[in-house]
Amino acid sequence: MLYGLVDANNFYVSCERAFQPRLEGKPVIVLSNRDGCIVARSNEAKALGIKMGKPLFECKELIEAHNVQVFSSNYSLYGDMSRRLMSTLTHFVEEVEVYSIDEAFILADGYEGVYPSIRGLGSAIRQTADQWLRLPVSIGFGLTKTLAKVANRLAKARPELEGVCVLDTPGAISQALEEYPVGDLWGVGGRYAGMLKRNNITTAAQLRDAPDDWIRQFMTVNGLRLVHELRGTPCKLLELSQPARKSICSEPGFGQLVPDLETLTDALTSHLSRCCEKLRKQDLLCGSVTVYLKTNRHRKTPGNGLPVKPYYNSVTVELPHPTSSTPALLKYAISGLKSIFAFGYNYQKVGIMLTDLVPFHYRQKGIFVEGPNEKMIQLSAVVDKINHRYGKDKLRLASQMYNPDWPMKLAYLSPKYTTRWEDILEVK
DNA sequence: TCTGGGGTCCTAGGACCC
DNA sequence: TCTGGGGTCCTAGGACCC
């Protein structure tokens with residue numbers, strides 16, 4: 001039995017390319033929400049030295065000099081392509097864990113009769129993803145999820161493997177781990193990588209051979225699980241059903257600095273509406289709401305170079321009973337915002353987080369307080385339906401002003417090829 | 001002289017993931 | 001001028017209980 005990790009290469013870029021073949025072979029990048037940072041790059045863009053997470057404006061010159069093709073995030077398209085990719089996988093294996101928008105773990109077991117080898121299974125998946133979706137994917141197989149991750153990265157890095165890497169023998173595993181930088185392991189971020197380096201651990205093999213007590217002490221039980229997985233003992237199993245969400249949040253920036261409570265309330269209403277839609281879509285109720293407010297930490301005062309008066313504050317308001325009604329939650333959110341608002345700052349973000357989530361069917365009426373207002377919840381569901389049909393925010397609360405001056409930065413958006421009738425390609 | 005020994009719950013902070 | 005937006009898990013320490 002082997003774990004497999006199927007990962008779409010440069011996923012967002014590949015989604016754009018699937019519908020615009022002229023982008024093949026050219027440097028392409030995709031931006032974060034509101035066109036702020038670079039979140040996906042084609043191999044050609046990577047080769048130019050365009051870094052992940054860099055703000056767009058810092059790369060302007062490089063982009064113009066090399067005619068890099070730029071796209072805003074088109075989540076309708078990426079989400080739909082992701083769903084199609086995951087459903088393609090179920091044609092090959094029974095057990096699929098959707099791990100992220102572009103990755104899935106699979107369990108490859110008992111397919112020897114169908115495919116000549118595990119490599120054969122991998123190649124078949126790759127070929128089908130290309131044929132059905134025009135998505136390039138890489139596949140790694142290993143004794144554990146962590147080893148499958150390692151194999152996946154090798155499949156991407158070594159062209160001679162043709163997108164499929166199998167680590168199923170002690171020799172192959174050891175050799176791979178001896179050359180594998182410890183910082184590239186799943187579960188080792190910048191902090192741990194630095195700490196490990198100071199202790200002369202630079203390869204995955206050295207980490208695998210470190211004493212358990214030491215790992216436990218400095219990397220907690222998560223580190224210990226990682227080490228056991230490297231040794232071939234599965235500690236992270238396939239999660240076939242999506243675990244219930246524990247929180248839902250929204251904290252997009254404004255794209256400009258905001259000093260007044262009125263505009264903050266407007267933004268808060270908009271974020272909350274978004275969160276509540278997610279909440280209802282997942283059939284959940286929310287028991288408490290946290291609001292936070294912050295200034296821009298990047299902004300510096302000219303002259304001394306110190307950050308402009310920073311401010312951060314947050315407040316959590318518990319609801320008398322869980323609800324998913326937008327107006328009901330908004331009342332508490334706005335009272336929270338008022339309690340932490342301070343004059344004299346230019347705010348960059350107002351964020352909102354819904355926590356204490358419970359499934360809708362758990363709702364119960366309190367003994368001394370009224371239960372969730374069923375009519376208000378039904379009303380919100382109707383609003384969702386109407387907005388789904390006629391467009392985002394067609395129906396909205398009055399405190400969410402309609403402000404056409406706000407620059408909605410999505411300058412490079414591609415059509416929603418697969419989810420909007422008007423955007424479907426025509427074949428002539 | 002000698003000053004108990006269990007628990008639970010909550011929060012903040014730190015690490016990580018895509 | 002312009003700097004992403006979601007999530008998860010673990011631990012230590014404090015408050016409180018009997």
Side-chain angles (χ1 to χ4, degrees), chain A residues 5 7-12 29-40 51-61 63 70 72-73 75 78-79 82 97-105 145-146 149 152-153 182-196 215-226 235-236 239 242-257 271 274-275 278-279 282 288 290 292 294-300 302 307-308 312-316 318 346 348-357 407-412:
Chain A
L5 178 64
D7 185 320
N9 304 347
N10 316 326
F11 181 59
Y12 295 172
I29 58 173
V30 177
L31 306 176
S32 63
N33 273 4
R34 294 182 21 270
D35 295 350
C37 294
I38 294 161
V39 294
K51 295 273 180 287
M52 179 73 175
K54 275 276 175 215
L56 175 64
F57 68 87
E58 285 182 9
C59 304
K60 270 268 149 69
E61 285 176 15
I63 288 168
V70 181
S72 303
S73 287
Y75 285 107
Y78 311 151
S82 172
E97 175 192 336
V98 177
Y99 179 69
S100 73
I101 193 161
D102 68 336
E103 280 171 86
F105 285 102
K145 280 180 157 183
T146 303
K149 273 262 188 190
N152 185 281
R153 189 175 267 253
V182 76
D184 289 350
L185 284 170
W186 189 34
V188 179
R191 294 299 178 101
Y192 281 155
M195 184 277 289
L196 291 168
I215 298 291
R216 177 72 181 77
Q217 187 182 349
F218 292 106
M219 297 177 73
T220 81
V221 295
N222 288 323
L224 202 53
R225 285 193 193 113
L226 162 62
C235 299
K236 306 174 186 205
E239 289 175 20
Q242 294 276 324
R245 272 256 189 297
K246 295 185 173 165
S247 65
I248 290 174
C249 72
S250 167
E251 66 147 24
F254 303 117
Q256 65 192 57
L257 298 177
H271 299 171
R274 206 94 316 123
C275 287
K278 284 191 214 170
L279 193 66
Q282 296 173 45
S288 50
T290 302
Y292 46 96
K294 54 181 153 186
T295 49
N296 187 343
R297 66 192 153 87
H298 297 291
R299 232 170 118 90
K300 304 280 199 299
V308 173
Y312 177 89
N313 205 347
S314 74
V315 62
T316 299
E318 268 182 51
N346 275 314
Q348 185 203 20
K349 281 180 179 176
V350 57
I352 188 148
M353 179 149 74
L354 308 183
T355 48
D356 291 339
L357 307 184
M408 189 57 206
K409 285 191 170 179
L410 278 174
Y412 316 99

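The figures that follow rest on heavy atoms only: side chains count, while hydrogens, waters and symmetry mates do not. Lettering of chains follows the sequences in order, A, B, ..., and the numbering in each one begins at 1.
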Minimum-distance nucleotide (side-chain atoms of [X] versus [options]):
X        : options               : value
A:Trp186 : B:dC18, C:dT3, C:dT11 : B:dC18
A:Ser247 : C:dG7, B:dC16, C:dT3  : C:dG7
A:Cys37  : C:dG4, C:dT11, B:dC18 : C:dG4
A:Arg216 : B:dC18, C:dT11, C:dT3 : C:dT11
A:Tyr192 : C:dG4, B:dC16, C:dT8  : B:dC16

Please give, in whole Å, the distance from [N] [atom2] to [X] [atom1]?
X        : N      : atom1 : atom2 : value
A:Lys236 : B:dC16 : NZ    : C1'   : 9 Å
A:Ile248 : C:dG5  : CD1   : C1'   : 14 Å
A:Tyr75  : C:dG5  : OH    : C1'   : 7 Å
A:Ile63  : C:dC2  : CD1   : P     : 18 Å

Just to be sure I understand the rule, does [X] reach a base, reach only the sugar-phosphate, or reach nothing, if contact means heavy atoms closer than 4.0 Å?
X        : answer
A:Leu185 : sugar-phosphate
A:Asp102 : sugar-phosphate
A:Lys349 : sugar-phosphate
A:Gly190 : sugar-phosphate
A:Ser250 : sugar-phosphate
A:Arg225 : sugar-phosphate

Checklist outcome for this item: Residues A:Cys37 and A:Gly53: closest non-hydrogen pair is SG-O, 3.6 Å

Checklist entry - So A:Thr355 and A:Ser288, side-chain hydrogen bond (donor to acceptor under 3.5 Å, both in side chains) or not? Walk me through it. => result CA-CA 5 Å; A:Thr355 48; A:Ser288 50; 3.2 Å; yes

Checklist entry - Using purine N1 to pyrimidine N3 plus N6-O4 or O6-N4 for Watson-Crick, or N1-O2 and O6-N3 for G-U wobble, each under 3.5 Å, what pairs with B:dC18? => result C:dG5

Checklist entry - Do the ring planes of A:Trp186 and A:Phe105 sit parallel (below 30°), tilted (30 to 60°) or perpendicular (above 60°)? => result tilted

Next on the checklist: Can you check the distance between B:dT3 and C:dC18, where both ends of the measurement are the P atom (answer in whole Å)?
Outcome noted: 25 Å

Below 4.0 Å: OP1/OP2 of [N] and any side-chain N or O of [X]:
X        : N      : result
A:Arg274 : C:dG5  : no
A:Lys149 : B:dC18 : yes
A:Arg245 : C:dG7  : yes
A:Lys246 : C:dG6  : no

